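Quick note: residue numbers are just sequence positions, from 1. Bear in mind the structure is a predicted one, so any value in this text is a computation, not a measurement.
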Amino acid sequence: MKRFRVPLALSAAVAVALAGCGAADKGAEPAAPPPDGVSVSLAQWRSDEPVHALQIAVRNTTTTPVYFADVQLVTASFKTLPPQSADATIRRTERTDLPITYGEANCSPSGLPQAQPATVVARVRTGDGPLRKVVFPVPHPDPLLSRLLRDECSAFLVKQAATLSFGPDWKQDGEVMRGSLVLTRRGTGAVSVASVEGTTHYMVTPGVKRRPLVTLEAGEQRAEAPIALSPGRCDPHAFAEAKKAFLFPVRASVDGGEERVVIVEPPKPLQERLIDYALRICGLGG
């Protein structure tokens, strides 16, 4: 029977993962290579983004069912979380998703890091065989992990200098809700906000026409930019599927450097007010 072959670069990634496991627990069960015909990749649905989750996409090209007891993403780019229950039997399939959450990115104040190799460690049973620990290599560089690392660490760099948040005072003015984006000093550097972008449900109109919208100067502790929100969609289906309604992308830079995206999410009480407001404006109740 033809054995599954792991490319040299991926073999190194597996070796690193196994060495790390051994260093953490010398009595741990030794890991085995993936079963023939079974491989994994990474994917993410829109609903995964707000909850820091992704999908372990499993491919099985054989007729032998493979049971996954649990799965774990292991990479130096993100903090490693404990194995997460899968309890799934994967039969012949081009793709079956196993959802997991992943740890926060390992960012550095010195700049954006490069994505590191990743593996998926799982306890699996092939056919009627015993349950065993298996390491699945993730093809490197993985585009999803690279994007997630870049996005999270870009926001990290801005947040070292200031906290970005929605202000506490919001009032309805005709058919819009007026409030502000607030910058609060946290570290050093001048922080400039170039734009506040809308979401799947809300359009954002800045209260000023200049660019940047606001700058928290190096000697200031607080600055704010007036903004107005209005419904972007009014169909009932949109409200029922509001997975990213409150994840507002804010483009900001520190000391005139590269613009980076920070996702700003209003607190829950304000989210509820905005939903009630949008429903009223859209004539859907309230």
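- Among residue pairs with one or both ends in residues 160-181, those qualifying as ring-ring contact (aromatic ring centres under 6.0 Å, His included) are F166-W170, F166-F248; sequence neighbours excluded.
- Evaluation of the side-chain contact (heavy atoms from CB on, under 4.5 Å) rule for D97 yields W45, Q55, A57, R95 as partners, not counting sequence neighbours.
- Taking every heavy atom of both residues into account, L149 and A105 meet most closely at CD1-CB, 3.8 Å.
- The nearest pair of heavy atoms linking G198 to V204 is CA-CG2, 3.8 Å.
- Closest heavy-atom contact between P35 and V124: CG-CG2, 4.5 Å.
- Rounding to the nearest 0.5 Å gives a distance of 7.5 Å between CD of Q221 and CG of L216.
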Mind listing the side-chain donor-acceptor pairs of residues 78-87 below 3.5 Å, one per line with the distance, residues two or more places apart or on another chain?
from	atom 1	to	atom 2	distance (Å)
K79	NZ	N106	OD1	3.1
Q84	OE1	T101	N	2.9
Q84	OE1	T101	OG1	3.1
Q84	NE2	T101	O	2.8
D87	OD1	Y67	OH	2.8

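- In terms of heavy-atom proximity, I263 sits nearest to P249 at CD1-CA, 3.9 Å.
- Heavy-atom contacts from other residues, nucleotides or ligands closer than 6.0 Å to CZ of R147 number more than 12.
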* To do: Please assess K244 against T199 for the test side-chain contact (heavy atoms from CB on, under 4.5 Å), listing each intermediate value before the final yes or no.
  => CA-CA 7 Å; K244 298 175 64 177; T199 70; 5.9 Å; no

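- S108 is not listed as a side-chain neighbour of F156, based on a closest heavy-atom distance of 4.5 Å or more.
- Of the possible donor and acceptor atoms, none in the side chain of S180 sits under 3.5 Å from a partner among the backbone N and O of V182.
- Atom CD of E175 is surrounded by 12 or fewer heavy atoms from other residues, nucleotides or ligands within 6.0 Å.
- In this structure, the side chain of R92 engages the main chain of T61 through a donor-acceptor pair within 3.5 Å.
- Formation of a donor-acceptor pair under 3.5 Å by the R185 side chain with backbone atoms of E220 is found in this model.
- Other members of a hydrophobic cluster containing M203 are absent, since no ILVMFWY side chain comes under 4.5 Å of it, directly or through relayed contacts.
- The closest donor-acceptor contact from the side chain of D173 to the backbone of R178 lies at 3.5 Å or more, if one exists at all.
- Not counting sequence neighbours, the partners of R260 by the salt bridge (charged side-chain N to carboxylate O under 4.0 Å, His left out) test are E258.
- If you chain together ILVMFWY residues whose side-chain heavy atoms come under 4.5 Å of each other, V51 ends up in a group of its own.
- When all heavy atoms are compared, the tightest approach of L73 to A118 is CD1-CB, 4.3 Å.
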